[in-house]
Amino acid sequence: MLFKGLEISMTGMEAQKVRIDIISSNIANVNSVNEKNGQPYRRKVPVFQSILDKESNIPLYKVKVAKIEEDKSPFKLKYDPNNPLADKNGYVKLPNVDPLKEMVDMMSAARSYEANLTAFNTHKNMLIKSLEIIKV
């Protein structure tokens, strides 16, 4: 029970790390096409799940990444008749990744990570101060 706060903050940081990893993958593949099926890269989105910690009497919730889904929004179309991937009308399908949206999501994930880190450090400092009081 003594370290539950640290454990909960760590699950939050781990979830935000996965979120930032997925955002990085989305940004890296903003112009990618899958070689196997010729379809553009589809944006990935993490889905978080709260988990009740049943060991304590206090309702404490951890977080985990339940799954990673594909964004079903439509692909962007670009008129480029000279592209080998163009359809009969000259349009090329591009990934449904919006770099601006990804940057906003990344800033949100970074702020959430920092908030969890601050909570972790505050809890750690409280534990250290408690030990100093007992030591005397």
Side-chain angles (χ1 to χ4, degrees):
M1 184 67 193
L2 190 60
F3 300 106
K4 286 292 178 191
L6 299 174
E7 188 178 330
I8 290 170
S9 294
M10 286 182 59
T11 62
M13 286 189 283
E14 289 171 2
Q16 296 306 322
K17 180 200 165 296
V18 169
R19 185 176 171 201
I20 289 176
D21 289 345
I22 291 171
I23 291 168
S24 299
S25 174
N26 289 338
I27 291 172
N29 287 292
V30 72
N31 292 319
S32 297
V33 176
N34 189 342
E35 289 183 21
K36 294 179 182 174
N37 59 13
Q39 290 293 310
Y41 174 82
R42 201 168 269 285
R43 179 176 183 255
K44 308 289 186 283
V45 180
V47 177
F48 297 137
Q49 178 183 10
S50 61
I51 301 169
L52 176 63
D53 184 12
K54 296 179 182 174
E55 294 176 9
S56 63
N57 295 330
I58 306 168
L60 299 174
Y61 287 88
K62 300 175 186 174
V63 64
K64 77 170 193 173
V65 177
K67 58 184 172 182
I68 298 171
E69 292 185 340
E70 289 187 340
D71 184 356
K72 300 295 182 192
S73 62
F75 293 119
K76 297 182 217 170
L77 291 176
K78 178 182 177 185
Y79 184 71
D80 187 6
N82 296 327
N83 191 317
L85 298 174
D87 63 7
K88 62 182 177 187
N89 297 324
Y91 286 97
V92 178
K93 287 183 185 176
L94 296 175
N96 58 353
V97 177
D98 180 4
L100 185 62
K101 185 176 182 178
E102 298 300 325
M103 292 304 293
V104 170
D105 285 350
M106 184 180 297
M107 288 175 22
S108 172
R111 296 289 178 251
S112 295
Y113 187 92
E114 289 174 8
N116 280 297
L117 183 61
T118 301
F120 181 91
N121 285 331
T122 301
H123 194 132
K124 182 185 75 176
N125 290 337
M126 286 174 54
L127 291 174
I128 290 171
K129 293 290 182 189
S130 298
L131 289 174
E132 288 175 2
I133 290 172
I134 295 171
K135 193 166 51 173
V136 176

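Distance alone, capped at 3.5 Å, is enough to place a donor-acceptor pair between the Asn96 side chain and the Asp71 backbone. Put simply, the side chain of Asn89 never gets that close to the backbone of Tyr91: no donor and acceptor are under 3.5 Å apart. Not a single donor-acceptor pair under 3.5 Å links the side chain of Lys76 to the backbone N or O of Val92. No donor-acceptor pair closer than 3.5 Å links the side chain of Lys67 to the backbone N or O of Val65.
With hydrophobic clusters built from ILVMFWY side chains whose heavy atoms lie under 4.5 angstrom apart, Phe120 shares a cluster with Tyr113. Transitive grouping of hydrophobic side chains (ILVMFWY, heavy atoms separated by less than 4.5 Å) brings Leu77 and Tyr79 into a common cluster.
Closest of all the heavy-atom pairs between Pro95 and Val30 is CG-O, 3.3 Å. Between Ala119 and Ser9 the shortest heavy-atom distance is CB-OG, 3.7 Å. The shortest non-hydrogen separation linking Ala86 to Asp80 is CB-O, 3.4 Å.
Looking at Ile8 and His123, their side chains never come closer than 4.5 Å, going by heavy atoms from C-beta outward. In this structure, Met10 and Met13 have side chains that are in contact, with non-hydrogen atoms separated by less than 4.5 Å. In this structure the side chain of Leu131 never reaches within 4.5 angstrom of the side chain of Leu127, judged on heavy atoms. Between Met103 and Ile27, the closest side-chain pair of non-hydrogen atoms falls below 4.5 Å. Ser108 is listed as a side-chain neighbour of Arg19, based on a closest heavy-atom distance under 4.5 Å. For the pair Ile51 and Thr11, the minimum side-chain heavy-atom distance is 4.5 Å or more. For the pair Gln49 and Val63, the minimum side-chain heavy-atom distance is 4.5 Å or more. Residues Phe75 and Gln39 are in side-chain contact: their nearest non-hydrogen atoms beyond the backbone lie under 4.5 Å apart.
In Lys44, the NZ atom is crowded: over 12 heavy atoms of neighbouring residues, nucleotides or ligands sit closer than 6.0 Å. Heavy atoms from other residues, nucleotides or ligands lying under 6.0 Å from NZ of Lys78 number 12 at most.
How far CD1 of Ile58 is from NZ of Lys4: 10.5 Å, rounded to the nearest 0.5 Å. Atom CG of residue Leu117 and atom OG of residue Ser112 lie 12.5 Å apart, to the nearest 0.5 angstrom. Remark: Gln16 CD to Asn116 CG distance equals 6.5 Å, nearest 0.5 Å. Between atom CG of residue Asn125 and atom OG of residue Ser130 there is a gap of 10.5 Å, rounded to the nearest 0.5 Å. For the atom pair Asn121 CG and Leu6 CG, the distance stands at 9.5 Å (nearest 0.5 Å).
Ion pairing of Lys135 with Glu132 is absent here, as no side-chain N (NZ or NE/NH1/NH2) approaches a carboxylate O to less than 4.0 Å. Note on Lys17 versus Asp21: salt bridge recorded, some NZ/NE/NH1/NH2 to OD/OE distance being below 4.0 Å.
Each of Glu70, Lys72, Glu102 was compared with Arg43 under the side-chain contact (heavy atoms from CB on, under 4.5 Å) criterion, and only Glu102 meets it.
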